[in-house]
Protein chains: 2
Amino acid sequence: MSTSEEPAPAGVVHRHIPPASLARLTIYLRALGALLADGVERVSSDELAEAAGVNSPKLRKDLSYLGSYGTRGVGYEVSYLSDQISAALGLTRNWRVAIVGAGHLGKALAGYPGFGSRGFEVVALLDADQMVIGQEVGWLRVSPVKDLEGVVQRTRANMAVLSVPADVAQELCDRLIESGITSILSFAPVVLQVPDHVQLRKVDMATELQILAYHAQRAQASEIAAKARARLGT
Amino acid sequence: MSTSEEPAPAGVVHRHIPPASLARLTIYLRALGALLADGVERVSSDELAEAAGVNSPKLRKDLSYLGSYGTRGVGYEVSYLSDQISAALGLTRNWRVAIVGAGHLGKALAGYPGFGSRGFEVVALLDADQMVIGQEVGWLRVSPVKDLEGVVQRTRANMAVLSVPADVAQELCDRLIESGITSILSFAPVVLQVPDHVQLRKVDMATELQILAYHAQRAQASEIAAKARARLGT
DNA sequence: TGCTGTGAAAGCGTTCACAGCG
DNA sequence: CGCTGTGAACGCTTTCACAGCA
């Protein structure tokens with residue numbers, strides 16, 4: 001298990017964690033953190049699965065992509081498993097995040113608690129608005145987005161968050177990539193074009209709400225249908 | 001095509017759109033809106049797919065879950081297709097959204113532009129902090145979260161957004177459900193427990209960043225491996 | 001005996017090639 | 001002839017049952 005595909009350079013590089021598992025591993029990590037804070041030393045897959053809101057075979061399968069870190073008949077040691085997941089996700093490195101756009105969203109992100117911890121550090125906060133530039137937000141001062149390239153270089157940022165209006169998102173995305181950033185998390189409600197070597201993830205609130213609306217509408221519709229059927233039945 | 005499972009009460013209820021398609025349909029809708037604003041009347045699946053960042057067979061498959069709204073040899077009429085997707089997603093109803101938590105994130109959401117349009121209306125903004133209660137945010141005044149039940153009832157909210165700290169999220173989630181809300185979008189970094197009839201969706205920035213970190217780490221690792229190989233090769 | 005780790009089967013989602021109309 | 005609509009094949013996820021250790 002947990003073989004590397006090449007002679008392996010120093011650290012163990014795991015062979016491909018499926019995207020669906022990857023997303024859940026971050027949830028397990030958070031649940032383990034909570035257990036650790038509570039002083040819990042061991043968990044079974046059932047308990048951890050419960051805390052993470054999944055079923056236990058799925059959790060065990062997910063963990064099996066990393067290796068065998070449990071003890072049969074006993075369970076998992078909380079701190080050890082937490083470390084192993086962190087390592088597999090690349091959270092032992094220190095990621096330096098530049099937040100582009102210092103509106104309410106950008107400020108919310110800059111102040112996000114689970115952000116500073118877990119290997120992420122916000123090293124820059126940028127905005128185009130003269131009224132906002134120079135403001136202090138937490139430990140940071142808002143830099144002019146005009147100087148994006150310089151700021152990225154000086155702060156050695158290696159990740160970026162885009163929290164800007166849709167109409168300027170592509171332009172700023174291009175400039176980030178030009179500056180050497182290859183990992184971008186975008187909150188802008190537009191489809192961004194990026195080259196293959198750049199990792200782009202999107203968070204889209206409009207999409208989320210619309211999906212909720214779809215389910216709510218269906219629930220309502222089938223409720224109405226049920227009532228109609230009941231009326232006809234009696 | 002597009003059959004309904006029961007005698008069909010008034011509007012056509014489509015038989016189950018796959019989750020993955022559903023998420024993409026919201027993107028197509030946005031792209032169609034942009035085309036509409038530009039005065040474009042017709043699109044081919046190739047063009048729309050390009051705008052939405054997917055390949056065209058996938059787009060056509062997605063649209064086929066709704067019905068056959070295109071013209072072979074020609075393409076799709078922008079406004080008609082837009083209406084059909086809106087109808088299928090339940091965006092013809094008016095959704096009344098209560099935002100719980102008026103920190104930076106809550107305020108950002110309250111002011112979100114693509115929010116007011118497309119059938120969503122923010123009808124309440126609540127917070128626990130005395131300093132924030134009573135503040136005006138856009139057209140709204142922040143209400144005390146203590147009166148959540150009353151506010152939900154008075155405003156006839158039928159959806160809620162949770163933008164509160166993790167430690168109070170479950171409690172407020174329970175109160176929302178108690179108040180009759182069955183669709184909740186949570187930004188709190190915790191696993192929330194909800195009954196089956198409630199639709200809960202989560203947006204988790206920590207998860208997104210960690211997924212980016214994983215890919216960035218892998219890219220780096222394989223780069224290092226490549227360099228090592230190059231050195232050994234020469 | 002108890003709980004982990006995992007192959008094998010079932011269920012979804014995506015891709016593709018092409019049939020079907022305008 | 002062009003572009004849509006779709007069945008069938010493929011690949012990825014999830015589920016399950018149970019083999020494997022402590």
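Letters go in sequence order (proteins before strands), and every chain restarts at 1.
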Looking at every strand, decide which applies to [X] at a 4.0 Å heavy-atom threshold: base, sugar-phosphate, or nothing.
X      : result
R42(A) : nothing
P57(B) : base
D46(A) : nothing

Grab the two heavy atoms, one from [X] and one from [Y], that are nearest each other, plus how far apart they are.
X       : Y       : answer
V78(A)  : L36(A)  : CG1-CD1, 3.7 Å
F187(B) : M205(A) : CZ-SD, 3.6 Å
A157(A) : I181(A) : O-CD1, 3.5 Å

**Complete:** Here the gap from L209(B) atom CG to F120(A) atom CZ, rounded to the nearest 0.5 Å, amounts to 5.0 Å

Any side-chain N or O of [X] less than 4.0 Å from the OP1 or OP2 oxygen of [N]?
X      : N       : answer
K58(B) : dG13(C) : no
N55(B) : dT14(C) : no
T71(B) : dT4(D)  : no
S44(B) : dC3(D)  : no
Y65(B) : dT14(C) : no

For [X] and [N], what is the distance between atoms [atom1] and [atom2] respectively, to the nearest whole Å?
X      : N       : atom1 : atom2 : answer
L59(A) : dT14(D) : CG    : C1'   : 14 Å
D62(A) : dT15(D) : CG    : C1'   : 12 Å
L81(B) : dT4(D)  : CG    : P     : 11 Å
L48(A) : dG5(C)  : CG    : P     : 12 Å

**Prompt:** Got a donor-acceptor pair under 3.5 Å from the side chain of R72(B) to the base of dG2(D)?
**Reply:** no

**Prompt:** So which one's nearest nucleotide on DNA chain D is more toward 5', R60(A) or S21(A)?
**Reply:** S21(A)

**Item:** Nearest-nucleotide comparison on DNA chain D, the residue closer to the 5′ end among G70(B) and P18(A)
**Value:** G70(B)

**Fill in**
Against the side chain of S45(A), the closest entry in dT4(C), dT14(D), dT14(C) is dT4(C)

**Request:** For the pair Y69(A) and Y80(A), name the ring-plane relationship: parallel under 30°, tilted 30 to 60°, perpendicular over 60°.
**Result:** perpendicular

